[in-house]
Structure formats: structure tokens, C-alpha cells
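One structure below.
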Amino acid sequence: MGTATSKRRGGSAAAVLDFAVAKILGDDAALGGLPAVLDRMVAAFGLRAALAFQPAGGQPSVLAVHPPGAADRALLARIAVMATAQRDSAPVPLAVTPDGQPGSVLVARSVPVKGQCLCALALIGDAAAGDDGYWDAETRASAHAVAAIVATQIRHANDMAALAERQALTRALIAGAPIAVLAMDADGRLIEFNPAAEKLSGYRRDDVLGQPLSEILVPERDRSRVLEHIKTYLATGDPEEFTGQLLVPTLHADGTERVAELTPVQITLGGQAIFTGFLRDLTEIERSHAELADQTERLNCLIASAIPGVLITDEQGTVTNVSQSFGTMFGLDEPLAGTPAVSVLRRVARAFDDPVRFTRRAVAVMRARQPTTGEQLRCADGRTIEWDYWPVLVNGRHRGDIWLAWDMSERHELDQQRLEAQRELAEQNERLRELDEARNQFLAIVSHELRTPLTSIVSFSELIRGEADGLTPEGVRFLDIIERNADRMHRLVGDLLILDRLEAGALPLDPAPVSVPDLVAEAVRLAAPAAAKQGITIQVSAGDGPLVTADHRRLMQVLDNLIANAVKFSHRNRRVLVTACYAGGQWRIDVTDTGIGIPPDEAGQLFSRFVRASNARIAGLPGTGLGLSIVKVLTEMHGGHVEVDSTLGRGSTFSVYLPGGG
């Protein structure tokens, strides 16, 4: 095997190269056909082994080897040294070949790319290194060509991987961008729409891709103009109005408009112009700026018109804000904003009785930067000025100072006036309390003193009526009048005594479980006979519900008063409806009549003492004006409340609400 003719057994070099191109460049799997190419080279050139690798320092990276397992660690180390030292394709001796016999190796490297060899071939043969016939030019050229083909495929794979990585990075950047990113083709249809654009517009990406941008984000009034400008921009490259950052109205999915900042960018891909826009929602920012400007203006107005003297400086010690009262307090008429605070404090010091003391104290508190309040100094004109100092710290950094000053002379006078007003108010409250106590005592005495003569009148009236045979018809009529008015007075005295005892807390409740439906039925049964005499029918309706913890007698008093009022103010041959229902954790008892009703402006006063509706007084209907007061107090003592709903001339409904389930 010492000659080139004898060593070629598998075909010509041209056939090897054709096979290499087909297997390596035509295989979708990166270098998947390289072992077959090495097999063909070993057979064609009569080699012992062939190795494809990437030189990488002391240990090469093996790409493929034939036959399999031919390259051990020692052989790889030797080849790595040769690949690093060798500058041409001259063969070098190899002491030990894969089969243990002496031989030689030829290393062919691809042209470096950016200083890096992407592929090298090591061909291991039988002949000695000096046998040029064995390692002929055709073999060397084929080795270089195969190395170049493999390097080309590696470079292509690397480029594709880098491109895929850049594309993935681009997609990640677009998806994660905090501002809206959108792009559209020459027809104005959306081809990119990132999550920030979804959030800004309210549309889903999958729903808008392929749709015209103008119909999605542009208000209808601007659609034709904007679409025309964009098409011109894409067709001619003339940006017209799309230059720099623009404020544009954008249409939200819910139909509302928002103000967005648009930064247009024209990109060309494959010769096609792509309109890309970056949108930032400025609605909240503009609202925040407006609110901040409004708050700043309000703050400046408040400072300018503040009652105490206010002086504010920045971290450089320059006056930024000063109130009008501060200048008036110290006789400073000219503008102070923008002047050094030190010069202002020196001028302020002249107003004090001891300027040196004020100056030293002011310098000390500024150096200490500790809040100081309530310090007082006497002025040369007799006034007393109280001042505070507050350092302004933001995240631990000193950003300025606030000085506050008060003229304590005026405050002292105001304090005296306030104390005098409080004293007069206390005296007035005491007089009112005494009057209320005297009124209550008077009512109690009068009520008590009236009971005895009223009892006598009622008793003697009954005795006289027992002698009815000796009375004339006119005498009987007079006796009816006496008894009716005596009964009215008796009820008035009773109501006064009950109210007095209720408000004094001398009439405690006797709580026990009470059935509201039974209570309502009992109250209607007792009131029905008297109502029937006036041609009034009482109807009752009560639903199921829990017992209430209440004083049965006092709740009966509440219902008696409400039903009696309903009967009294109803027209003859009408009806009164009493209903009770439980809902929402409380009982509601309604007493409804179809009577004269209550004037709208008087309904809220009916639960006060001695208050009666004006139409009831005009109609001459009897009453004390105390019954509803008793209803209100008793209901509230049970933890409930009472309401009225009335229509003048059509009737009224009084509703009692009681907590249930107790």
C-alpha cells in the first residue's frame, strides 16, 4: 500500500466530495451525515481512520470519527497538539495508530472565521510521513474541501441558532415591553400587538391581528385621515405628521377615548415597509399632572393666605414660599421668594426685643435639624410671637425647612373671647336645664292636682246619670258633654304623667318573650268595638316570625295609640288595616288608614309633644298631641323606631320597627 494507486479502493476524490456535499449540506440534521462521509473517505483513500473535530485548547471537540471508537484520549491529545502547531497540511509521523501500528497523520483545517477554526480533519494512514505518494495533492485537497464543507454547515447552524435566539429575544422584549407595541403592513392591517397594547386598548391580540388599525384604535372621526397618512408614510417614506412623539386619541374597546403618546418607527423587512408604533397611555399621567398642578396651586394659595406666618425654604436655603401674613407680621413688604433665608431671618430678628437671642436660637435649630415648637419671644412693640421650626426630610434627605409664626397677642384675645363664650353657653345651658326641670315639675304637679277634681267630676256625673228619670233631654246632653270633656282631660293628664315618667327613666320595661302576631290580634280585638261605633272596620294580617323580647303592656299601649288615631282620622264606613311581617332581622308593624292624611311639611313634627296636624285642628277632631310622643319613646325603649308615610287627603301609614329574634 505504498503507492497512491494501490491505496485508493473506494472511488475518486471527486466522488467523495460529491458525496460529502450531498450528505452534509443536504441533510437537515446538523452534521448528521458526517460519519458516513468519513467512512467514504477511509474507504476511498485507503486510510486507517478519519476524525473530524473542532480545535479547542488542549482537548478537541470531536464531531465524528470512523471507525467508531478509533480515537482514544491519548490520540486526541496528540492530534490536538498537531492541530495547534501545524500551519500547513504536511503529514507528521504518528507513533501509535488506532490499531497499534506505526503510521502518519494528515491534519487539514478550514479557513478560520473570526480567528476560530470551525472544523479540522485528521486522516490517519499507514505510510511514513515522508511518503508524498501516499499523501498526494488530491487527498490533501479533498481533506481541506471536506473540512470547509463541514465548517460551512457549522457556521450556518450557528447563524441559524443566533438568529433564533435573536428572534426569541425580540419576541420576549416585545411581549414584556411596558408600553404598547403594534405594527402593521402596507395595507394598514395589524401584524403585531403585544400584551401592553391589549391592556391599553381592551382588545385581545388574537382578535385584532389582521384587522385594520384604523378600525380598531382610531376614533371614527379621524380614521380616513390617519389611514391616508399612514399609507403615504409606508409608500413614500415621507413621515408628514408622524415625526417625533405625538399625542393622539385612541379608542378603547369599551367605546371610551384615551390620550396616548405615539412614537412611530418605519422598519423595512424583505423590502416591505412596516409601520411600527410605540403607544404610552397618558390618560392617567395627564390626570395626575392636572391633579398635581391643582394641588400645587391650592397649596400655594393656602400658604399665601395662611393665618399663621409661613416661610418655606429649599435644601439650598432659598425661600420658595411665604405667606402674606408672615410679611405683615414682620413688616416685610417686598417679595421674598427666591431670596436667601439667612438674610430674611436677619431682617426678622430686628422685630424682636432681643435680636441676638433670636438669631442664635434660629441658627442652632437649623443646624440641629430637629423639630422645634411653641417657642415664644417678645417683640420690641410689645407683641409676643410664637414660632415653630420643622425640617423637611424625604427618604432621610434634607429637602428644606418650614418656619411658622403666630402673633400670640391676637390669639390671647381670641382665647379670652372663646372662654367668655363658653362661660355664657354654660350659663345658658344651666338656665335651660333649670327651666326644663321646672317645666317637668309643673307638669307633674298640675297632672297630680288635676286628677282629684277630675275623678270627682267623673264620679258625680255617673251618680247624676243614675237619676236619669229626673233629667230633661237637655240635661242628659249637658251631662254627656261633661263626661266627654272630663274623659279627655283624664287622658291628657295620664299621657303627661306617662311621658314624664318615661323621660325621667322612672317607668322601666318588664321584658318577656312576646308573639307579635298575637299582640297585633289582641290590639285589634280590643279596638274593634269602639271603631264599629264610628262605622270603621279594622282588618288584621300577620305573618310568621320569631318572638321579640319586649314589655307586652307597653307595646299594647303603642298599638292602642296608633289604632285609635287611625280610627279617629278615618272617614265613616272606611277601614283600617293593621299588618305585621318579619324580614331582615326585624318586625315591621303597619297601621294604615284612608283618612284625612297629614300635610307634607308637618309629618316630621308629629312625634313632638303637643303637636297636631293643622288639618286635624281645623276639622275640630279632639286630641292632646301627646299620643305619638308616647309611641316614639316606647318604641325606642325597645330598640326600634317609628316612621310615617302620608298623603294629604288619602290617608297615612305609621310603621313600627322592632328588632326580632331576641
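Residues forming a side chain to side chain contact (heavy atoms under 4.5 Å, CB included) with Ala351 (at least two apart in sequence, or on another chain): Phe330. Glu220 is linked by a salt bridge (charged side-chain N to carboxylate O under 4.0 Å, His left out) to nothing, counting only residues two or more places apart in sequence or in another chain. Take Arg572 and apply the side chain to side chain contact (heavy atoms under 4.5 Å, CB included) test, not counting sequence neighbours, and it matches Gln534. Applying the salt bridge (charged side-chain N to carboxylate O under 4.0 Å, His left out) criterion to Asp207, with sequence neighbours excluded, gives Arg204. Residues satisfying the ring pair (Phe, Tyr, Trp, His ring centres under 6.0 Å) test with Tyr389, not counting sequence neighbours, are Trp403. Partners of His641 by ring pair (Phe, Tyr, Trp, His ring centres under 6.0 Å), not counting sequence neighbours, listed by chain and number: Tyr657. Remark: Asp590 engages Arg588 in a salt bridge (charged side-chain N to carboxylate O under 4.0 Å, His left out) (not counting sequence neighbours). Among residues two or more places apart in sequence or in another chain, the salt bridge (charged side-chain N to carboxylate O under 4.0 Å, His left out) test is passed with Arg221 by Glu257. Evaluation of the side chain to side chain contact (heavy atoms under 4.5 Å, CB included) rule for Thr328 yields Gln324 as partners, not counting sequence neighbours. Partners of Arg525 by side chain to side chain contact (heavy atoms under 4.5 Å, CB included), not counting sequence neighbours, listed by chain and number: Glu522. Among residues two or more places apart in sequence or in another chain, the side-chain hydrogen bond (donor to acceptor under 3.5 Å, both in side chains) test is passed with Thr372 by none.
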Run the side chain to side chain contact (heavy atoms under 4.5 Å, CB included) check on Leu658 and Gln586 step by step: do they pass?
CA-CA 6 Å; Leu658 298 173; Gln586 65 179 352; over 6 Å; no
So Val558 and Ile630, side chain to side chain contact (heavy atoms under 4.5 Å, CB included) or not? Walk me through it.
CA-CA 7 Å; Val558 169; Ile630 296 174; over 6 Å; no
Go through the steps to decide whether Ile538 and Ile563 satisfy the test side chain to side chain contact (heavy atoms under 4.5 Å, CB included), and finish with yes or no.
CA-CA 9 Å; Ile538 304 178; Ile563 295 174; 3.9 Å; yes
Could you go through the side chain to side chain contact (heavy atoms under 4.5 Å, CB included) check for Met556 and Asp560 one step at a time?
CA-CA 6 Å; Met556 281 295 296; Asp560 287 344; 4.2 Å; yes
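In this structure, the separation between CG on Leu628 and CG on Leu562 is 6.5 Å, given to the nearest 0.5 Å. The line from CG of Asp593 to NZ of Lys568 is 11.5 Å long, rounded to the nearest 0.5 Å. Taken from CG in Asp551 to CZ in Arg553, the straight-line distance is 8.0 Å, to the nearest 0.5 Å. One distance of note links CG of Leu200 with CZ of Arg280; it measures 11.5 Å at 0.5 Å rounding. Note that OG1 of Thr256 is 5.5 Å distant from CZ of Arg258, once rounded to the nearest 0.5 Å. Atoms CG and CD1, on Leu519 and Ile589 in that order, are 6.0 Å from each other to the nearest 0.5 Å.
Counting heavy atoms from C-beta outward, Val392 and Ile402 have side chains that approach closer than 4.5 Å. In this structure, the side chains of Ile385 and Leu377 stay at 4.5 Å or more apart for every pair of heavy atoms. Annotation: side chain of Val310 is not in contact with side chain of Val322 (no heavy-atom distance under 4.5 Å). At a threshold of 4.5 Å between non-hydrogen side-chain atoms, the residues Leu634 and Leu555 do not count as touching. No side-chain heavy atom of Phe654 sits less than 4.5 Å from a side-chain heavy atom of Asn565. Within the 4.5 Å cutoff, the side chain of Phe326 has no heavy atoms near those of the Leu404 side chain. When side chains are defined from C-beta on, Trp390 does not count as touching Gln370, because their heavy atoms never get closer than 4.5 Å. Side-chain atoms of Ile596 and His571, non-hydrogen and from C-beta on, do get closer than 4.5 Å to each other.
Closest of all the heavy-atom pairs between Arg205 and Glu198 is N-OE2, 2.6 Å. What you find for Arg378 and Thr384 is that their closest heavy atoms are NH1-OG1, 3.8 Å. Closest non-hydrogen pair, Leu251 versus Tyr203, comes out as O-CE1, 4.3 Å. The shortest heavy-atom contact between Ala341 and Val319 is CA-CG2, 4.0 Å. When every heavy atom of Pro513 is checked against every heavy atom of Leu547, the shortest pair comes out as CB-CD1, 3.9 Å. When every heavy atom of Ile179 is checked against every heavy atom of Leu279, the shortest pair comes out as CB-O, 3.5 Å.
Pairs engaging residues 628-651 under the salt bridge (Lys or Arg N to Asp or Glu O under 4.0 Å) rule: Lys632-Glu636 [sequence neighbours left out].
A donor-acceptor contact closer than 3.5 angstrom is absent between the side chains of Arg431 and Gln428.
Applying side chain to side chain contact (heavy atoms under 4.5 Å, CB included) to Val591 and the options Thr579, Val576, Asn561, Val631 leaves one that passes, Val576.
Side-chain atoms of His252 come within 3.5 Å of backbone N or O of Asp254 as a donor-acceptor pair. Arg383 places no side-chain N or O within 3.5 Å of a backbone atom of Phe352 that could act as its donor or acceptor partner. His398 places a side-chain N or O within donor-acceptor distance of the main-chain N or O of Gly400, the cut-off being under 3.5 Å. A donor-acceptor distance shorter than 3.5 angstrom exists from the side chain of Thr320 to the backbone of Ile312, with no hydrogens or angles considered. A donor-acceptor pair is defined here as one N or O able to donate and one able to accept, closer than 3.5 Å; no such pair exists between the side chain of Asp353 and the backbone of Cys379. Side-chain atoms of Trp587 do not come within 3.5 Å of backbone N or O of Val656 as any donor-acceptor pair. Remark: the backbone N or O of Gly374 is paired with a side-chain donor or acceptor of Asp388 at under 3.5 angstrom. For the pair Ser646 (side chain) and Ile598 (backbone), a donor-acceptor distance under 3.5 Å is present.
No more than 12 heavy atoms of other residues, nucleotides or ligands sit less than 6.0 Å from atom CZ of Arg397.
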